[in-house]
Number of protein chains: 2
Amino acid sequence: MPPRIRQTAAEADAVLVSQDVLSRLKGDILDGHFAPGARLRFADLQKSYSAGIGTLREALSHLLPEGLVELDANRGFRVAAISAAELRDVSALHIEFERRAIVESVRHGEDAWEAGLVLAFHRLAKIERLSREERKQRSSEWVAAHRDFHRALVAACPSRWLLRLRAQLYDHMERYRLISQRHRPLGPAKRAEHEAIRDAAVARKAELAGELLAAHLRETTETVLRHAPQFMPAPP
Amino acid sequence: MPPRIRQTAAEADAVLVSQDVLSRLKGDILDGHFAPGARLRFADLQKSYSAGIGTLREALSHLLPEGLVELDANRGFRVAAISAAELRDVSALHIEFERRAIVESVRHGEDAWEAGLVLAFHRLAKIERLSREERKQRSSEWVAAHRDFHRALVAACPSRWLLRLRAQLYDHMERYRLISQRHRPLGPAKRAEHEAIRDAAVARKAELAGELLAAHLRETTETVLRHAPQFMPAPP
DNA sequence: GAAGCAACTATCTTCGAAAATCCAACCTGT
DNA sequence: ACAGGTTGGATTTTCGAAGATAGTTGCTTC
């Protein structure tokens, strides 16, 4: 397990220490820094994140209902396990929610949404144009830009709850994706697919955008599943 | 606001204080003891739940991603607001999830599931047979039995994530239901509807069970919406 | 009177010490 | 050898004191 821990964001929009710790901890779980099933000891976390025990418990309690960590009484917190079966379960729901959300988003989106989408795509494309080497070094930027792009696609969906659930599932899918990529070369750039989805959305072809997005996600899941051996539980 | 606070459950399966506080706090929010939008001051909570500040923060942090409380930095926690618009949003998704979950549950349920369902219905019916007076006094038992019955219906659904999301939405729907009933007579007993759903499930008529359950929930939501005036935000 | 400022109060946020719990290693008697 | 019990160290859980922040009141100045 690499010793590097997510640092406090320079932008630091998190006014509360607990929220800063929360987002760093979540990022470190999603990108596989903490392996699935790994115990999260307070002594370690305290050093890594320079936060008190109470603050750490607060962040971990937040991650509990999100399903990213688990708690057994008096034995502390563990990173949630992963499995091929759960990936299939999460993915199926996730794809469906994304499709529904983008369809509604395209139908309801106004100018501001369209502008936000074009901007988000631009930022993502800019990073993807960098050299392979540089992309590797700034991979967390790519992750953020990719996330922002997918969020921009569905941002105009009027159902706050659909967006909320979509976000939960997106997190879990991202974890599977990042873990599966952890020890192998970066997957092929998906820029063409992203571009096609953006075009369909801007052209207000809701159903088409939904279909393209669903296909994009289906393929990603299949790629991850093809590298599924590493999903077997980690040693205690 | 009534001064009565949920007491530690006699069964007390919660080994951790934080989990006990969590479930009591959640119950008190769901049944409207804490009004939507109300601030949750630590000094009060500390007295009411006889727990330390850290423990209370831990419980509230857990309720944050569930959407039952909100946090603004350095101003503390508030009970999440409610609105007719959100009720419609939550209800539409909830009904859909319930339907899908029960269809899958009926298709996959084995003997143990069937037995559990029959038992849960029996317990619910038993409480509903009590006199109006006694039902009122033991209303929290009815709430628990009702929740258990609905959970038993979908328990055999193989998608853990569908069940998870269903549970989240059930909580929110229950809050709307209990708040709307708070200051008016108990709604008409739904025993006949529950019985019909149970029968369809036991008879393995999956689609029928789904349709009956959806109709049951739709009607409940409509009843709540008809009494919507009280959903306007509470005074600060 | 309005705006700016300062002191004061109420409340939240953070932290680590102390109590409780678990687990592994070590006895002890059969 | 082994079941059962005991001790000690590692770890979690709980708690409230101390620091930080927001909101309020009252004073001063223009």
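Keep in mind that the numbers below use all heavy atoms, side chains included, and drop hydrogens, waters and symmetry copies.
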Distance, rounded to the nearest Å, where A/R57 contributes CZ and C/dG16 contributes P:
16 Å
Can you give me the first and the last nucleotide of DNA chain D (5' to 3') that has an atom within less than 4.0 angstrom of a non-hydrogen atom in chain B?
D/dT13 to D/dG23
For C/dC23 and A/R75 - does any side-chain N or O of the residue sit under 4.0 Å from the phosphate oxygens OP1/OP2?
yes
Rounded interatomic separation in angstrom, taking CD1 from A/I53 and C1' from C/dA19:
13 Å
Hey, do the aromatic rings of A/W161 and B/H94 have their centres closer than 6.0 Å?
no
Inspect the contact between B/E96 and B/R100 and indicate whether a charged nitrogen and a carboxylate oxygen are less than 4.0 angstrom apart.
yes
Determine all donor-acceptor pairs shorter than 3.5 Å in which one atom belongs to a side chain in residues 42-50 of chain B; sequence neighbours excluded.
from, atom 1, to, atom 2, distance (Å)
B/S48, OG, B/D44, O, 3.1
B/Y49, OH, B/D28, OD2, 2.5

Give every residue pair that meets the side chain to side chain donor-acceptor pair (under 3.5 Å) criterion with at least one member in residues 140-149 of chain A, sequence neighbours excluded.
A/E128-A/W142, A/R138-A/E141, A/H146-A/H150, A/H146-A/Y170, A/H146-A/H194, A/R147-A/D171, A/R147-A/E174, A/D148-A/R151
B/S105 side-chain N/O to B/L153 backbone N/O, donor-acceptor pair under 3.5 Å
yes
For residues 67-75 of chain A, run the donor-acceptor check on the side chains, cut-off 3.5 Å, and write out each pair with its distance to 0.1 Å, sequence neighbours left out.
from, atom 1, to, atom 2, distance (Å)
A/E70, OE1, A/R78, NH1, 2.7

5' precedence on DNA chain C between A/A73 and A/A51 (nearest-nucleotide basis):
A/A51
Over how many whole Å does the gap from B/F77 atom CZ to C/dT13 atom P extend?
6 Å
Over the length of the helix from C/dG1-D/dC30 to C/dT30-D/dA1, how much do the five-pair end axes diverge, rounded to 10 degrees?
10°
For the residue pair B/S61 / A/S61, report whether a side-chain donor-acceptor contact shorter than 3.5 Å exists.
no
Categorize A/L40 for me: base, sugar-phosphate, or nothing, with a 4.0 angstrom heavy-atom threshold over every strand shown.
sugar-phosphate
Counting only side-chain heavy atoms from C-beta out, which of C/dT13, C/dT11, C/dC15 sits nearest to B/R41?
C/dT11
Under 4.0 Å, heavy atoms only, any strand: does B/Q46 hit a base, just the sugar-phosphate, or nothing?
sugar-phosphate
I'd like to check the side chain to side chain donor-acceptor pair (under 3.5 Å) partners of A/R177; sequence neighbours left out, ordered by chain and number.
none
Roughly how many Å is it from CG in A/L71 to C1' in C/dT21, rounded to a whole number?
14 Å
Please state how far atom CG in A/D72 lies from atom C1' in C/dC22, giving the value in whole angstrom units.
11 Å
Can you check the B/L45 CG to C/dT13 P distance for me, whole Å?
12 Å
Taking OP1 and OP2 of C/dC12, is either one under 4.0 Å from a side-chain nitrogen or oxygen of B/N74?
no
A/F42 CZ to C/dC15 P, straight-line distance once rounded to whole Å
14 Å
Presence of salt bridge, B/E86 and A/R160, under 4.0 angstrom
no
